[in-house]
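Atoms considered below: every heavy atom in the structure, side chains included; atoms not considered: hydrogens, waters and symmetry mates. Counting starts at 1 for both ligands and their atoms, following the listed order. In what follows, residues are counted from 1 in the order of the sequence shown.
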Amino acid sequence: MTELDRSRPILPAEQPAHLAALETAVRARTSLVPRVGIVLGSGLGSLADELTDPVAIPFGDLPGWPSPTAPGHLGRLLLGHFDGVPVAMLQGRLHAYEGNDPGLVVQPVLLMGRLGARTVILTNAAGGLNPGFAAGTLMVIADHINLTGRTPLLGPNADEIGPRFPDLTHVYASVHRQRLHAAARAEGASLEEGIYVGLLGPTYETPAEVRMLRGLGGDAVGMSTVLEAIACRWAGIEVVGISLITNPGAGYSGEPLNHEEVLAAAAAAGPRLARVIRHFVRELP
Ligand code: HPA
């Protein structure tokens, strides 16, 4: 049940058993109950250095989880204190473009919820669709458009986790968005707000796709976040999303995009994002 078998989808109805096994594996190492879960996107892993007395669990040590394949993604679940607040952090994440089933992609956030987190903060590196968003822009996710063609909720439901037809009217809680803006103001960091479009990847977009996604109402585009946000809402976990714009969307500058540039831009802006997140977490009720 908990062996990784990439040939089979992970059905929602199977998640309770997987989560029970994962919880047991975590509880063998720590009794820390996180208030919040934080998923660190590409190039943002250094936030984990700010944890005090962390217990770090490599993905490969958790039942059914693979080691990550993307450079810049370390692949560890950490539990510790962040500015005094008990948190779970995902350093690296499981992406669908790595061949991971959507049910696996969302297990980390479901696990965070199961361990006690009421709120999950999803961060990501993203391309700018909004022409006003230069590299280095921080964007609160106001809403998303899921164009991955995937959902983690396909198949028999687990009613004990969440409903068959989850409501997605308020995926990114507005009260938390306001708190994020307050945190950014207090830290002197500018913070935009916009719509995140989630694609499967792993290619970057064509310029024609970037124009289309902008026309659909997107402000940022990336290859993560939407499946995790859906799973959180299914499970009743509050979601906060922040994109770090690492590059203008393909075609805006005429320059080709590459992963190294994305990682470098994320690392450069990472400390600013870290300050905002730290302030936000410290002020959580
Ligand atoms: N497109 C998709 N994903 C991304 C991008 C992009 O331009 N930049 C960083 N992640």
Side-chain angles (χ1 to χ4, degrees), residues 38-47 68-75 90-100 102 105-106 121-150 172 191-230 240-274 276-277:
I38 307 175
V39 178
L40 304 174
S42 292
L44 301 172
S46 61
L47 217 71
T69 63
H73 290 271
L74 213 63
L90 202 69
Q91 196 178 28
R93 49 154 55 98
L94 304 170
H95 293 90
Y97 63 69
E98 294 169 288
N100 296 316
V105 169
V106 303
I121 303 173
L122 301 171
T123 69
N124 60 57
L129 297 173
N130 184 327
F133 290 0
T137 300
L138 296 181
M139 184 193 91
V140 178
I141 301 178
D143 202 351
H144 76 223
I145 301 176
N146 176 13
L147 291 185
T148 64
R150 306 287 158 90
Y172 302 87
L191 191 58
E192 305 287 346
E193 186 155 319
I195 307 300
Y196 177 89
V197 182
L199 269 57
L200 203 52
T203 60
Y204 293 111
E205 298 68 39
T206 65
E209 288 165 345
V210 164
R211 287 191 297 274
M212 175 190 76
L213 299 174
R214 179 63 182 155
L216 291 177
D219 293 292
V221 57
M223 308 173 193
S224 66
T225 302
V226 293
L227 300 178
E228 293 146 299
I230 289 169
V240 176
I242 312 174
S243 291
L244 197 171
I245 309 297
T246 53
N247 56 279
Y252 279 144
S253 76
E255 295 298 318
L257 307 185
N258 68 77
H259 188 57
E260 286 65 37
E261 171 195 37
V262 166
L263 292 182
R272 192 158 31 96
L273 177 55
V276 174
I277 293 179

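- Set against the non-hydrogen atoms of G222, the atoms of ligand 1 under 4.0 Å away are 2 (C), 3 (N).
- Those atoms of ligand 1 with a heavy atom of V262 less than 4.0 angstrom away are 8 (N), 9 (C).
- When non-hydrogen atoms are compared, ligand 1 lies under 4.0 Å from the backbone of A126 (N, CA, C, O) but not from its side chain.
- Put simply, CG on L94 and OG on S224 are 11.5 Å apart, with the number rounded to the nearest 0.5 Å.
- Of the protein's non-hydrogen atoms, T246 OG1, 3.4 Å is the one closest to atom 9 (C) of ligand 1.
- The nearest heavy-atom contact from the protein to atom 5 (C) of ligand 1 is G127 N, 3.3 Å.
- Residue N124 does not touch ligand 1, judged by heavy-atom distances below 4.0 Å.
- T123 places a side-chain N or O within donor-acceptor distance of the main-chain N or O of V39, the cut-off being under 3.5 Å.
- Of all atoms in ligand 1, numbered sequentially from 1 with element shown, those under 4.0 Å from a heavy atom of M223 are 2 (C), 3 (N).
- Under the 3.5 Å distance criterion, the side-chain polar atoms of R211 are left unmatched by any main-chain donor or acceptor of G251.
- Between the side chain of Y252 and the backbone N or O of L129 there is at least one donor-acceptor pair closer than 3.5 Å.
- Summary of contacts: the protein heavy atom closest to atom 10 (N) of ligand 1 is A125 O, 3.4 Å.
- Near N247, meaning under 4.0 Å from one of its heavy atoms, ligand 1 places the atoms 5 (C), 6 (C), 7 (O), 8 (N), 9 (C).
- Of all the heavy atoms of L257, the ones lying under 4.0 Å from any atom of ligand 1 belong exclusively to the side chain.
- Taken to the nearest 0.5 Å, the CZ atom of R272 stands 7.0 Å off from the CG atom of L244.
- Note that the CD1 atom of I141 and the OH atom of Y196 stand 6.5 Å from one another [nearest 0.5 Å].
- Across every non-hydrogen atom of L200 and M223, the tightest pair is O-CB, 4.2 Å.
- Here E193 pairs with R177, H181 under the side-chain hydrogen bond (donor to acceptor under 3.5 Å, both in side chains) rule; sequence neighbours left out.
- Given atom 1 (N) of ligand 1, the protein heavy atom at minimum distance is E205 OE1, 2.7 Å.
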